[in-house]
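One structure is given below, encoded as structure tokens.
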2 protein chains.
Amino acid sequence: MRRVAQALGVEAMSLYHHVEDKAGLLDGVFELVLGKLPPAPRRTTSWQRAVKERAESFRAVLLAHPRLVPLFATRPAVTVESLRHVEHSLELLKAAGLSARASLDAFQVVVAYVVGHAISTVRDPELETSGPDYAQLDAADFPRVTELVALLPTHDLDAEFQFGLELLISGLERRLETSRR
Amino acid sequence: MRRVAQALGVEAMSLYHHVEDKAGLLDGVFELVLGKLPPAPRRTTSWQRAVKERAESFRAVLLAHPRLVPLFATRPAVTVESLRHVEHSLELLKAAGLSARASLDAFQVVVAYVVGHAISTVRDPELETSGPDYAQLDAADFPRVTELVALLPTHDLDAEFQFGLELLISGLERRLETSRR
DNA sequence: ACCTGAACACCGTTCAAGT
DNA sequence: ACCTGAACACCGTTCAAGT
């Protein structure tokens with residue numbers, strides 16, 4: 001509060017005439033950022049592509065505000081603004097053939113994945129140093145980890161995200177196929 | 001630091017003779033909790049069951065310390081202790097037929113999902129009230145959300161977690177099947 | 001080697017007083 | 001209606017001084 005006030009050239013206490021408290025201010029930030037989500041497109045493609053597009057948009061918004069990712073991780077998305085997106089996503093899943101319950105599950109699961117992965121993406125790389133030196137590891141004891149360390153420099157977190165997203169969608173696909181029989 | 005010291009019946013500054021700083025203390029907590037992960041079992045079942053079991057164990061440890069979940073969300077797991085689990089998981093995936101790169105992707109993706117979902121599980125339910133009253137929503141404007149609200153009271157977050165986990169595993173399965181051809 | 005007290009530079013928030 | 005200053009109850013951390 002004190003720093004926000006300072007940035008506005010005003011005293012900290014003045015803010016309390018515009019927001020309830022710190023949580024209220026964060027609510028505002030939350031809704032503001034969520035408002036950057038591109039509007040739900042009219043249904044023109046497959047549900048697979050639509051789910052993918054929604055998840056990617058969400059990720060893009062999160063990565064555009066790395067400092068806010070922990071906020072999204074802690075705060076539930078229940079503003080009116082965000083409910084419009086929820087509605088669209090649930091509609092999408094139901095139209096694909098999922099039950100109401102399964103749509104809820106699928107939606108929550110994808111959101112959890114996007115947020116969880118965003119966290120690992122924006123993680124302060126400086127923190128990595130606090131761990132043990134990878135170089136000091138006995139390569140014989142940790143063959144797979146050693147292999148992994150060699151891969152890290154060229155590792156693409158966006159590709160990794162895509163990979164997991166496609167796993168989820170492909171899992172849903174298979175589930176729909178078997179339930180239709 | 002001040003409260004930890006107080007709980008130990010000592011002055012805050014005394015802690016600095018045992019840990020570097022607050023981050024160092026959190027590192028210790030982190031490793032301690034991670035140590036509660038059941039040891040990697042010998043390979044006796046399918047990789048599907050093994051991946052599922054590892055993810056469920058990780059979730060159980062997280063949920064046993066709800067206040068620490070945000071810590072796990074922010075801090076990378078690079079203690080020697082945790083690397084043993086990483087090694088085991090990567091070995092598991094490679095033995096299932098994934099390349100080193102795909103194993104890394106799969107591992108990270110599952111961890112992101114477990115952490116992301118744990119966050120939504122331990123989210124302070126008191127926060128939900130800060131959103132708009134679901135009751136005040138126009139049911140005609142939000143048919144799917146209205147449906148969802150009716151489902152919430154009987155919604156099982158553990159079942160939801162299982163659902164997503166199985167999607168990921170089933171997605172991996174399909175990927176392996178098609179790549180083998 | 002380990003602990004301590006005072007001090008510094010921060011927080012969010014209450015409350016009474018100003019315009 | 002909006003802003004302010006002083007004050008309260010907190011933080012993590014530095015530094016010099018104690019045993």
Side-chain angles (χ1 to χ4, degrees), chain A residues 1-35 62 65-82 115 118-120 122-133, chain B residues 1-35 62 65-82 115 118-120 122-133:
Chain A
M1 303 301 279
R2 291 177 120 110
R3 289 164 88 177
V4 168
Q6 200 189 350
L8 296 170
V10 89
E11 223 59 32
M13 296 312 98
S14 310
L15 300 177
Y16 287 82
H17 288 272
H18 302 91
V19 292
E20 182 67 22
D21 53 8
K22 192 186 175 185
L25 188 146
L26 291 179
D27 280 343
V29 173
F30 191 80
E31 187 151 11
L32 209 67
V33 173
L34 228 46
L62 289 178
H65 305 276
R67 309 278 291 275
L68 293 182
V69 171
L71 187 67
F72 277 83
T74 344
R75 214 154 275 266
V78 285
T79 65
V80 189
E81 181 64 39
S82 71
V115 172
I119 286 172
S120 82
V122 304
R123 196 157 17 214
D124 188 353
E126 188 189 321
L127 280 175
E128 305 285 341
T129 57
S130 69
D133 240 330
Chain B
M1 302 300 280
R2 288 175 122 109
R3 288 163 89 177
V4 169
Q6 200 188 352
L8 296 169
V10 88
E11 222 59 30
M13 294 313 99
S14 310
L15 301 177
Y16 286 82
H17 287 272
H18 302 91
V19 292
E20 182 68 22
D21 53 9
K22 193 186 177 187
L25 190 146
L26 291 178
D27 280 342
V29 173
F30 191 81
E31 187 152 11
L32 209 66
V33 173
L34 227 46
L62 290 178
H65 305 277
R67 309 277 291 276
L68 293 183
V69 172
L71 187 66
F72 278 82
T74 343
R75 214 153 274 266
V78 285
T79 66
V80 188
E81 181 64 38
S82 71
V115 172
I119 286 172
S120 83
V122 303
R123 200 160 9 217
D124 188 353
E126 187 189 321
L127 280 175
E128 306 285 340
T129 56
S130 68
D133 239 330

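Order of the sequence lines sets the chain letters (A, B, ...), proteins ahead of strands, with each chain counted from 1.
- Taking a pair to require two hydrogen-bonding distances under 3.5 Å in either a Watson-Crick or a G-U wobble arrangement, D/dC10 remains unpaired.
- Each of C/dT4, C/dT13, D/dT13 was ranked by its minimum atom distance to the side chain of B/Asp21; first place goes to D/dT13.
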Kindly determine whether B/Leu34 and B/Phe30 satisfy side-chain contact (heavy atoms from CB on, under 4.5 Å), including the steps that lead there. CA-CA 6 Å; B/Leu34 227 46; B/Phe30 191 81; 3.8 Å; yes
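- With D/dG5, D/dC2, D/dG12 as the choices, the nucleotide that has an atom nearest any side-chain atom of B/Met1 turns out to be D/dG12.
- In this structure, B/Tyr16 places its OH atom 21 Å from P of D/dA17, rounding to the nearest Å.
- When the side-chain nitrogen and oxygen atoms of A/Arg3 are compared with OP1 and OP2 of C/dC11, one or more of them lie within a distance under 4.0 Å.
- In this structure, CG of A/Leu8 is placed 11 Å from P of D/dT4, rounded to the nearest angstrom.
- Nucleotide C/dA16 forms a pair with D/dT4, judged by Watson-Crick or G-U wobble geometry with both contacts under 3.5 Å.
- Side chains of B/His65 and B/Phe72 form no contact here, defined as non-hydrogen atoms less than 4.5 Å apart.
- The residue A/Met13 sits close to a base: some heavy atom pair falls under 4.0 Å.
- You'll find the side chain of B/Ile119 stays beyond 4.5 Å of the side chain of A/Thr74, heavy atoms only.
- Listed here is the closest heavy atom pair of B/Met1 and B/Leu25: SD-CD1, 4.2 Å.
- Here C/dG5 presents its P atom at 12 Å from CZ of B/Arg2, a figure rounded to the nearest Å.
- Nearest heavy atom pair, residue A/Val69 against residue A/Leu62, reads CG2-O, 3.6 Å.
- The nucleotide whose nearest atom lies closest to any side-chain atom of B/Ser14 is, among C/dG12, C/dC3, D/dC3, C/dC3.
- Contact check, B/His18 against C/dA1: no side-chain N or O comes under 4.0 Å of OP1 or OP2.
- If you take CG of B/Leu25 and C1' of D/dT13, they are 14 Å apart, rounded to a whole angstrom.
- Among the nucleotides C/dG5, D/dT13, C/dC2, the one closest to any side-chain atom of B/His17 is C/dC2.
- Remark: P of C/dG5 and CG of B/Leu15 are 14 Å apart, rounded to the nearest angstrom.
- Remark: the separation of the P atoms in C/dA9 and D/dA9 is 22 Å, to the nearest Å.
- Of the candidate nucleotides C/dC11, D/dT4, D/dT13, D/dT4 has the atom nearest to the side chain of A/Glu11.
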